[in-house]
Undergrad: 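Pasting a structure here, questions to come.
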Amino acid sequence: MEEKKTVAELTIHYKRQRLMSLLFDSTETADAIVELLSGHLNEKGKKEFSFSGEIKTVYSGKGIVDELHDWMDHKIEPQGTILDLIKVLDGLN
């Protein structure tokens, strides 16, 4: 099975509404962007903008198929996003 990659997702909120999400190759890069943006906000901006982050796994199509096959062959226990996918597929049957 191919190695999984992770990315840092940075979500920017404006007035508590999701404005956008950006993906970065590391948490350090996402943290630097938050620091940069925060440094340019005035007091009003600091009250209206907020940031949240999450680490996400990046899958290729082949990676998902391989992991599902390994699960069906009882080689692995599903976790994370793949487990969520299996639950959705199971609910459709």
Undergrad: Hydrophobic clustering (ILVMFWY, side-chain heavy atoms < 4.5 Å, transitive) - are Leu19 and Val34 grouped together?
TA: yes

Undergrad: For the atom pair CG (Asp25) and OG1 (Thr29), what is the distance rounded to the nearest 0.5 Å?
TA: 4.5 Å

Undergrad: Just wondering, do Tyr59 and Lys5 contact through their side chains at under 4.5 Å, heavy atoms?
TA: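 Contact flag for Lys5/Tyr59 side chains = no.
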
Undergrad: Between CG of Asp31 and CZ of Phe24, what distance do you get to the nearest 0.5 Å?
TA: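 Rounded to the nearest 0.5 Å, the CG-CZ separation comes to 10.0 Å.
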
Undergrad: Looking at residues at least two apart in the chain, or sitting in another chain, which of them share a side-chain contact (heavy atoms from CB on, under 4.5 Å) with Lys15?
TA: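 Residues passing side-chain contact (heavy atoms from CB on, under 4.5 Å) with Lys15: Glu48.
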
Undergrad: The test is side chain to side chain contact (heavy atoms under 4.5 Å, CB included); show your working for Leu23 and Leu10 and say whether it passes.
TA: CA-CA 6 Å; Leu23 296 177; Leu10 170 64; over 6 Å; no

Undergrad: Distance from His74 atom NE2 to Trp71 atom CH2, nearest 0.5 Å?
TA: 8.5 Å

Undergrad: Give the minimum heavy-atom separation between His13 and Ser52, together with the two atoms involved.
TA: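 Distance-wise, the nearest heavy atoms are NE2-OG, 3.1 Å.
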
Undergrad: Kindly check if the number of other-residue, nucleotide or ligand heavy atoms within 6.0 Å of CZ (Arg16) is above 12?
TA: no

Undergrad: Are any non-hydrogen side-chain atoms of Met20 and Leu22 less than 4.5 angstrom apart?
TA: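 A side-chain contact exists here, since the closest heavy-atom pair is under 4.5 Å.
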
Undergrad: Could you tell me if Ser21 and Thr11 have a donor-acceptor pair between their side chains, going purely by distance under 3.5 Å?
TA: yes

Undergrad: Excluding sequence neighbours, so at least two apart, what forms ring-ring contact (aromatic ring centres under 6.0 Å, His included) with Phe51?
TA: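 Not a single residue meets the ring-ring contact (aromatic ring centres under 6.0 Å, His included) criterion with Phe51.
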
